[in-house]
Structures are given as C-alpha cells and as structure tokens.
There are 2 protein chains.
Amino acid sequence: MTGTRPPAPEGERPTATRRARPAYDPSSLVEVAARVFNERGYDATSMEDLSAAAGITKSSFYHHVRGKEALLRAALERALDGLFGILDEPAATTGTPLARLRHIVRRQVEVLVGELPHVTLLLRLRGNTETERWALGRRREFDAAIASLVREASAAGELRAGLDPAVDARLLSGLVNSLVEWYRPGRVPVDELVAEVDRMAFEGLLAQGPAGDGRRA
Amino acid sequence: MTGTRPPAPEGERPTATRRARPAYDPSSLVEVAARVFNERGYDATSMEDLSAAAGITKSSFYHHVRGKEALLRAALERALDGLFGILDEPAATTGTPLARLRHIVRRQVEVLVGELPHVTLLLRLRGNTETERWALGRRREFDAAIASLVREASAAGELRAGLDPAVDARLLSGLVNSLVEWYRPGRVPVDELVAEVDRMAFEGLLAQGPAGDGRRA
DNA sequence: ACCGCAGTCGAACGATCGTTCGGTCGGCCG
DNA sequence: CGGCCGACCGAACGATCGTTCGACTGCGGT
C-alpha cells in the first residue's frame, strides 16, 4: 500500500503522560478494532493503526490483546451471536413461514444496526485465514436458514409465484445486508429503517398493486 | 497474513520451457488480476499471487504491467465505463421517471453480470489510495443519478407513497449490487435474473397485492 | 520502606511486501 | 549468419508488516 491513507479519523494521544490507567478492557478494544478494520479493510489495517486508534503504542497494545486475528475473531463472534440469537426467538419458530420470515428480516435489520461494525466485518470476509473461513461457514448456515424459510413460504403459496425461491432468498439477504454499506446511526431512525426494508422486500416500490409495465425480459 | 491460504485455484505453470509467446495482452492480465483480487481481496493479494495466476514469475509479470495499482485502476475503469454507459442509453433519458429507472435497474443487472469481476472490485473499495478514492467518487456519481431518478419517480406519484425516497434509492442500489456477492454465470440465466430483481424491487415478494400482515414497526 | 505487578514504551526480530536490476534465452529480420 | 529485441527469470532492494523482548514507571498492598 504505497498510496496515502484516507484522512485518519482517530489517533489523538493525550499529550504526554497517560497516567490514569484507562482500563482497556478487551471488549472495548474489539470495538475500536472493528471500526478501524471497516475503515481501512482488515488486511490494510496495521497493528500500528489499531494501537494509535486506542491511544497507545503498538507494544502496549499487545499487552491487552493476543494479536490481530484474535481481535477479528472476537468481533466476528459478536456479530454471529447476534444473528443466530434471532433464530432462537419464539416469533422465529412459530407461525406461518411468511410470518417467521418477516420477523427474522425485521430483527436482522435491528441486529445489523445494533452491531454495525461487527456485522460489517462479517459481511466483507474473503476467507484468507482459518478464522475467516470458520466465520464464513457460520454465516452460510444463517443464510441457509433464511433460504429454507423462503422455500417453505413459497411452497405454502405465501409468496408471489413464478420464479426461483433460491434466487429470492439470495436477493432478500442481499437487500438486508446491503445496509452495512451505507447506514449510519442517527440519520434514519431504526424503526423507520425496519419499515422501509420490510416494505421494499415484501411489497416492492411500485405505487399500484400488480400493475407497472410488467414486462418480462 | 499468517494464516494459510484458501485452496489456490490457479497457478499451474507449464512444466519447463514457456516458449510459445503466449502474448500477454494487457487486458487479459487485467482480467486475471481482477479475478484474483476478488478471491483474496486487493490488499491480501501479492504480485506473486497475480504472476502465478498468469503463469509467469513476478519479475516477468512486471514486464507486462506497470504495477499493482495500475491493474486495479484499469479494472475499475472498465467497471465504471460499463455502468456510466447505461446512463447514456436512449431509454435511460426519455420516458417517465419510473420507466427510466426501471430500464437502468435492468441494464445495471446485465452490466454487473457481464463485468462481474470488475464491478465486484469497484463495490469493495475502501478508499486507501488515490485511485480507490477516485473510483469511489465516480461510483457515488452513479448512485446519485439513480437516487435523483427515484426522487423524481416518487414526486410523480409513481412509487408507493410513505417513506424516504433517499432510503429507497439506497435499498434499490443495495439490492442490485448485492448480486456480485453470490451470482456466478451459468446457474441462473441472465434474463431470469433481470426479471427476478425487477420483480423483487418493484413488486416485492408477497403473493397478494397490498395485503400481507401489513403492520408497521 | 519495600516489593510486586500491571501498564507502557523503544527497539528489534524475521517475514513478506511491491518494485527494480542485470542478465539469459531464442525467434525474427536483415 | 549476425545481431537485435521482446519475453523471461533469479536475486536483491528498502519498506513495512505482525510480533516479541527487556526495561522503565508508578500505584497498591504489606
């Protein structure tokens, strides 16, 4: 990476002595790391970047953290715990397939927003290390659960007939997951976002019911 | 990157002598590079990886290309040319806002599929170098054009009323762009894919018209 | 007053990165 | 046939990477 860095958004280290024992608990460092990982990309982020964002030197940073990959793993675990937690909720296991699917989608939006940095990290993995491949596998499990629910709802006639439920499931997951690429807390309230995603996914953008210029390619 | 690499999908170099002048034209090397960039991620990809995928040594590779960033730039230009080409098509500049928007979305799917590796690269940029930031700026222009069209269509009453057109535009772009995360040529025909994305975006997944359990958060 | 220890740091480790250089090989043109 | 030149390669460059090490500091407990 020869090019210059984007304007560094972090890194101010209080003037001289850092006597205050700021108690760097592991979870807060994971949060800092996840944020910087997302700004620069995991591979482009150096331990120097991370320690500077935490306000200490690289060697001090290692006193609190096992290493770069351990930070990644911790962040990914937090994301996956949030996502799989949804599948255990009562509303995700009872009712019609469509009702369950719709609940999961809405909750998935909430978890995405609540754990934004960690989920973002999860959705950008490439699988270069064993840790990344493990997380990718878990993520595939989650997507498979949704795909299975879409298939059920489609078989039950609860979804518009016609095309491939597997493709629909991919598009649905893609729609929800794309949030991490632009959503930032504050601008749009979470419940509004949930309503928008739900409407877009299940009712579409069009004004009238079935009309449009409904042509086929 | 201390971890092991994912199973290397390329790199066989014909046994000994490579006397055949395989004519490594620049554009084919860009294609190879884009593919490997997407597999490993740009930063995690070494010039050794690239040259091995091309079937020559690292130093030979430099005889054909200017450097890593030049390869990235070439691939991104190809992606951006394809996308911006859509905006110049007649059907993208005449007709109602909704008709124009719908045409652009369908064509965008086709370009995404036709230039899959290059567009994928574009959609994963982090902005660490000047080249990346330039491409990100161009991409923002494209998204802004779509957002503006969504706003027009919404103001003309062609879209379901209620919520934020800016959010709708983000969701629409996110839905289309998410294709690069799973679509691979062969499985699903392109025209089917176009129809699916169009239907999902504008009509939604639901079976009946406005019904569902249409609750709000 | 003393000690232990968590916290911090500068310096350095080997590895790998993108890139460059000097030189060899062999087909092609004159 | 002689020489040129594009294709190719091994070796090495300085820079930066993740990580380790030894030493210093100052607070809390005894």
Side-chain angles (χ1 to χ4, degrees), chain A residues 1-5 8 11-26 28-30 32-33 36-37 40-75 126 128-132, chain B residues 1-5 8 11-26 28-30 32-33 36-37 40-74 128-132:
Chain A
M1 190 61 59
T2 28
T4 51
R5 283 291 174 65
E12 76 288 354
R13 195 179 318 180
T15 56
T17 50
R18 145 152 302 282
R19 301 297 88 149
R21 301 290 177 106
Y24 292 115
D25 61 299
S28 82
L29 288 183
V30 168
V32 168
V36 182
F37 282 158
R40 305 224 197 287
Y42 175 73
D43 288 294
T45 301
S46 68
M47 293 300 282
E48 186 75 48
D49 291 332
L50 295 182
S51 61
I56 51 183
T57 63
K58 194 165 56 155
S59 34
S60 299
F61 194 70
Y62 267 96
H63 188 73
H64 303 277
V65 161
R66 289 236 311 281
K68 193 180 181 183
E69 196 165 356
L71 281 168
L72 177 65
R73 178 167 207 115
R126 296 317 308 155
N128 287 333
T129 67
E130 199 51 55
T131 295
E132 296 186 41
Chain B
M1 188 63 56
T2 30
T4 52
R5 282 292 173 66
E12 75 289 351
R13 193 176 322 179
T15 55
T17 49
R18 148 152 299 282
R19 302 296 91 152
R21 304 287 179 105
Y24 291 115
D25 60 301
S28 82
L29 288 183
V30 168
V32 168
V36 182
F37 282 157
R40 305 223 197 288
Y42 175 73
D43 290 293
T45 301
S46 69
M47 293 300 280
E48 185 76 48
D49 291 331
L50 295 181
S51 60
I56 51 182
T57 63
K58 194 165 54 154
S59 35
S60 300
F61 195 71
Y62 268 95
H63 188 73
H64 302 278
V65 302
R66 290 235 313 279
K68 194 181 180 184
E69 196 165 356
L71 282 168
L72 176 65
R73 176 166 207 116
N128 286 334
T129 66
E130 199 51 55
T131 295
E132 296 185 41

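Proteins get letters first, then strands, A, B, ... in listed order; numbering begins at 1 in each. These numbers were taken from a predicted model, which means no experiment stands behind them.
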How many whole angstroms separate atom [atom1] of [X] from atom [atom2] of [N]?
X	N	atom1	atom2	answer
Lys68(B)	dA15(D)	NZ	P	19 Å
Asp43(A)	dT16(C)	CG	P	15 Å
Glu48(B)	dA11(D)	CD	P	13 Å
Ile56(B)	dC25(C)	CD1	P	19 Å
Leu29(B)	dA7(D)	CG	C1'	13 Å
Asp49(B)	dT16(C)	CG	C1'	11 Å

Inset, instruction - Report the residues that fulfil side-chain contact (heavy atoms from CB on, under 4.5 Å) with Val30(A), sequence neighbours left out, ordered by chain and then residue number. - result: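 Testing Val30(A) for side-chain contact (heavy atoms from CB on, under 4.5 Å), a comparison that skips the adjacent residues, returns Leu71(A), Ala74(A), Ala75(A), His118(A).
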Inset, instruction - Can you sort out the partners of Ser60(B) under side-chain contact (heavy atoms from CB on, under 4.5 Å), two or more places apart, ordered by chain and number? - result: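 Checked Ser60(B) against side-chain contact (heavy atoms from CB on, under 4.5 Å); matches are Ile56(B), Thr57(B).
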Inset, instruction - Kindly say if His63(B) contacts the phosphate of dA7(D), meaning a side-chain N or O under 4.0 Å from OP1 or OP2. - result: yes
Inset, instruction - Give a yes/no answer on whether the side chain of His64(B) brings an N or O atom under 4.0 Å of OP1 or OP2 in dC8(D). - result: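 Yes, such a contact exists.
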Inset, instruction - Check whether any side-chain heavy atom of Glu132(A) lies under 4.5 Å from a side-chain heavy atom of Leu72(A), and answer yes or no. - result: yes
Legend entry - Sub-4.5 Å side-chain heavy-atom contact between Val65(A) and Leu50(A):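 Not touching, per the 4.5 Å side-chain cut-off.
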Minimum-distance nucleotide to [X] side chain [options: [options]]:
X	options	result
Tyr62(B)	dC9(D), dG10(C), dG18(C)	dG18(C)
Ser59(A)	dT19(C), dA7(D), dG10(C)	dG10(C)
Met47(B)	dC8(D), dG18(C), dT20(C)	dG18(C)
Lys58(A)	dC21(C), dA12(C), dC9(C)	dA12(C)
Ser46(B)	dG18(D), dC17(C), dC9(D)	dC17(C)

Inset, instruction - State whether the distance check finds a donor on one side and an acceptor on the other, under 3.5 Å, for side chain Ser60(A) versus base dG7(C). - result: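 It does not, because no donor-acceptor pair links the side chain of Ser60(A) to the base of dG7(C) below 3.5 Å.
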Inset, instruction - May I ask you to establish whether Lys68(A) and Tyr42(A) are in a cation-pi arrangement, using a distance under 6.0 Å from NZ or CZ to the six-membered ring centre and at most 45° from the ring axis? - result: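 Relative to the ring axis of Tyr42(A), which defines the angle, Lys68(A) lies inside both limits.
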